[in-house]
Amino acid sequence: MPESVPVRCPACRREHVYTAPSYPCACGAPVTPSMDRRAAPTPVTHRVWNEDWITVRCAFCGRRDQWPRPELGCPCGTVLRVPVAAADAEARPLGRPGANPDPHAAPRPCDGPVPRHNGVRPAGKEPGTRAGGAARAARRAAFRPVTIRTAVDAVTAAALYLRWLGYEDIRRADQRPPSGIGLAARGLVAQVDPAVRPASLRDVECLWLTAMTESAECVYFSLAGYSGEARTRADTLDVPLFVLDLTGTPQPVNDPADALNATGV
């Protein structure tokens, strides 16, 4: 069972019970950081990208990956950073690799595209296939989303999804995009747009041009969707477009996104 610890908000003194999140390792095992029961939580007053992540070691395969640092939102408006046992915490196993951690939960599919966000696929179009992607997709565990409440949550959800697809070394992009937040990985640049307006044609073209200069692929994540012109140009440029729903699950909205979701990299 995931670890639960008592947490007291230093602002309003309200008591909470915090359950540590678990994340899927590349080997398929769910992992979770160990909580430090002796240390007090600290309010988050200023966001620093490197401080929002923690290195966690998988107890099954020994792999070390970066995952979002545990946080709790208090009803008083304070965001609390929940302390972990160590900066390089060793994760406790929650079950055998590839197993569903909740024996009563229905199994979730690990491959194949999720339903198209805007309904029906255009006639005559089918998602592409990446070399070797179908075999890897059949082996990967189900994606575990994080609920989106803030812009930082949106970035976290996108980073977790990219890692689930198979991209490595996900980090903050060196170049800041015209809107939203940029992510980068080996052979990829991505843009996460938490704005309340749909992404525009210019947003998609700027991302594509950035990817071209770096000889990389690109992916766009938006909370508010895309304008008609943006979607048309993305189809022309073969840019995968995803909409982030509030559960933190990216929903593909065009064929390149369908293909990427189905096969990974």
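Note that the structure is predicted; figures quoted are calculated from it, not measured. Counting from 1, the numbers follow the sequence of the chain as shown.
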Contact between [X] and [Y] at the side-chain level, heavy atoms closer than 4.5 Å - yes or no?
X    : Y    : result
Q191 : V189 : no
Y226 : V243 : yes
M35  : Y18  : yes
E71  : V82  : no

Problem set entry | Connected via hydrophobic side-chain network under 4.5 Å: L162 and I54 |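 Yes; I54 is reachable from L162 via cluster members.
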Exercise. When clusters are formed by joining ILVMFWY residues with side-chain heavy atoms under 4.5 Å apart, either directly or through shared neighbours, do L244 and L246 land in the same one?
Worked result: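 No; L246 is not reachable from L244 via cluster members.
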Spacing of [X] atom [atom1] and [Y] atom [atom2] [to the nearest 0.5 Å]:
X    : Y    : atom1 : atom2 : value
F242 : Y161 : CZ    : OH    : 3.5 Å
D245 : T147 : CG    : OG1   : 9.5 Å
R202 : L207 : CZ    : CG    : 12.5 Å
R8   : H16  : CZ    : NE2   : 10.0 Å
D255 : L260 : CG    : CG    : 12.5 Å
R172 : I181 : CZ    : CD1   : 5.0 Å

Can you name the nearest heavy-atom pair linking [X] to [Y], along with the distance?
X    : Y    : value
L80  : P10  : CD2-CD, 3.5 Å
L223 : A154 : CD1-CB, 4.4 Å
P198 : S227 : CB-N, 3.8 Å
P240 : C218 : CD-O, 3.1 Å
C58  : C61  : SG-N, 3.6 Å
E168 : A185 : O-CB, 3.3 Å

For this session: Give the C-alpha distance, both sets of side-chain angles, the deciding distance and a yes or no for side chain to side chain donor-acceptor pair (under 3.5 Å) between T232 and D235.
Result: CA-CA 5 Å; T232 300; D235 289 341; 5.8 Å; no
Exercise. Between the side chain of R231 and the main-chain N/O of V253, is any donor-acceptor distance below 3.5 Å?
Worked result: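 Judged by distance alone, yes, a pair lies under 3.5 Å.
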For this session: May I ask you to decide if L241's main-chain N or O and N254's side chain share a donor-acceptor pair within less than 3.5 Å?
Result: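 Judged by distance alone, yes, a pair lies under 3.5 Å.
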Exercise. Has R197 got more than 12 heavy atoms of other residues, nucleotides or ligands less than 6.0 Å from its CZ?
Worked result: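 For R197, atom CZ is crowded (more than 12 foreign heavy atoms under 6.0 Å).
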Exercise. Would you say the side-chain atoms of T156 and D153 include a donor-acceptor pair closer than 3.5 Å?
Worked result: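 Not at all, the side chains of T156 and D153 share no donor-acceptor pair under 3.5 Å.
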For this session: Could you tell me how the ring of F143 sits relative to the ring of W164: parallel (under 30°), tilted (30 to 60°) or perpendicular (over 60°)?
Result: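 Taking W164 first and then F143, their aromatic rings sit tilted (interplane angle of 30° to 60°).
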